[in-house]
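Contents: one structure, followed by commentary.
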Amino acid sequence: MERTLTLDVTKKIDQQVTIEGWVLTRRDHGKLIFLDLWDRLGKLQVVIHSETKNIGPVDKISPQSAIRVIGQVNKRDEKNVNSHLPTGEVEVFASQVEILGQAASLPFDIESDLQIETFLDHAPITLRSEKSRALFKVQSAIAQSFVEFFTTEGFTQINTPKLVASSTEGGTDLFPVEYFKGQKAFLAQSPQLYKQIMVGAFERVFEIAPVFRNEPHATARHINEYVSLDMEMAFIKDHYDIITITNKFFRFLNTKLEKFTYELNVFEVAPLKIPESIPTMTLLEAQEILKKEFGRDIIGEPDLEPGDEKMLSEHALKTHDSDLLWVTEYPTKKKPFYAMPVPENPEVTRYGDLILRGAEVISGGQRINNYDQLVQSIKSKGLNPEHFDYYLDAFKYGMPPEGGFGMGLERLTSKILKISNIKLATLFPRDMHRLTP
Ligand code: AMO
């Protein structure tokens, strides 16, 4: 008999079905044994009468064992209906069970609130918990929405090298790799230079790929390998074109997230609040708000601290009912060489950070597209333009005004689902102390 998935069982009342999945829980009540069985779509209650003849190795069915059940779909009595479960009106009365993958006894209940280190150390099994599966389904939906949205907007998906010869951003946060013949290579910290080059070929490009940051951070919002959602587009007026298309993406993403009610409920969060007009302010204006409303005077500082981003998010929620806000015009001296300075005030850049539910999730803006200005900017950062020959070629031979952004998938997921530590929103996080599992 062909396999029926858990959610489809509700359409087969009084029929025989074969279902396959993992055992979430087992409850023995005298002669009746209840199993919650989950598969990729949902979960379902299976009832086993222990006295049924030739039913199979019932005693061996342990939590997380993968099993096959053949049985009849019965409607549950009114009083036993579980209204919280899409399959809560039915149960499968087993006539045959088979163990497809026996689970050893678990070291702990994977559904309980575990210490983060325990959770991460045992990722191959804790990732099966209901909460974790809900989380990574949402993460997958975010990545898919990114592909769908930017493809529809005329962007071409690209894949750029992760083994590179030099820094893209000019920093020191690179992991060195031994390459052939003693040559030094590095793991790419961003597809930045390549995505800009590819704008010359396709006008609009995006990439989803891992990036590597050799930063000795031990925070709840940094990891050393993350998935970067990057886009880059040509023929823009200024950074507001980047902001506009990004806001449109977030509206699109929200319509997709609204369909994940089960997953959002697991985390007790609502889709994002995105008003018609998303608050957008310069760094100076943001600092003035911090001073006036929160008594924190950091006017003149080149950046915001994580605590400042939280306060600004509070402000955006209070004044605009918005989970999103943009802070623009960061100082030129703090931004990478490719950031376009504001022509009327070159001390600051045509750049913006998107802050979402208390943390920066995006950094992006307009790039310098004039060859001479770019060479000058590289020099002004103490870098050698010769090391950027191949990149500069793209600008020597006709590059229109262009810009883009980079967004961390795990950071975004953790903010959307209000998860306190980014590592829980990363399948197998890499940090200063963790290279396994
Ligand atoms: P930036 O370095 O600001 O910009 O990174 C952009 C976004 O990537 C995420 N992010 C991280 N997520 C997890 N762990 C980290 N260590 C980490 N570092 C960054 C954040 C951040 O907002 N090339 C530019 C982008 C551009 O201008 O297009 C860049 O990479 O969500």
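In listed order, ligands and their atoms are each counted from 1.
Phe149 has its ring centre no less than 6.0 Å from the ring centre of Phe155. With ring centers used as reference points, Tyr371 lies 6.0 Å or more from Phe395.
For the salt bridge (charged side-chain N to carboxylate O under 4.0 Å, His left out) condition, the pairs that include at least one residue of residues 350-370, sequence neighbours left out, are Glu232-Arg367, Asp323-Arg357, Lys335-Asp353.
A cation-pi arrangement is present between Arg133 and Trp38, with the terminal nitrogen or guanidinium carbon under 6.0 Å from the aromatic centre and inside a 45° cone about the axis.
Ligand 1 has an N or O atom lying under 3.5 Å from an N or O atom of Gly408, backbone or side chain. Here's the thing with Ile422: none of its N/O atoms is less than 3.5 angstrom from an N/O atom of ligand 1. Close N/O approach between Gly364 and ligand 1 is not found [any backbone or side-chain N/O within under 3.5 Å]. Between Tyr351 and ligand 1, an N or O atom pair is found at a separation short of 3.5 Å. For His217, no nitrogen or oxygen atom sits less than 3.5 Å from a nitrogen or oxygen atom of ligand 1, counting backbone and side chain alike.
For Glu130, the salt bridge (Lys or Arg N to Asp or Glu O under 4.0 Å) criterion is met by Lys43, not counting sequence neighbours.
Here Lys423 has no heavy atoms under 4.0 Å from ligand 1, in either its backbone or its side chain. With a heavy-atom cut-off of 4.0 Å, Lys195 touches ligand 1 through its side chain alone.
Within the 4.0 Å heavy-atom shell around ligand 1 one does not find Glu232.
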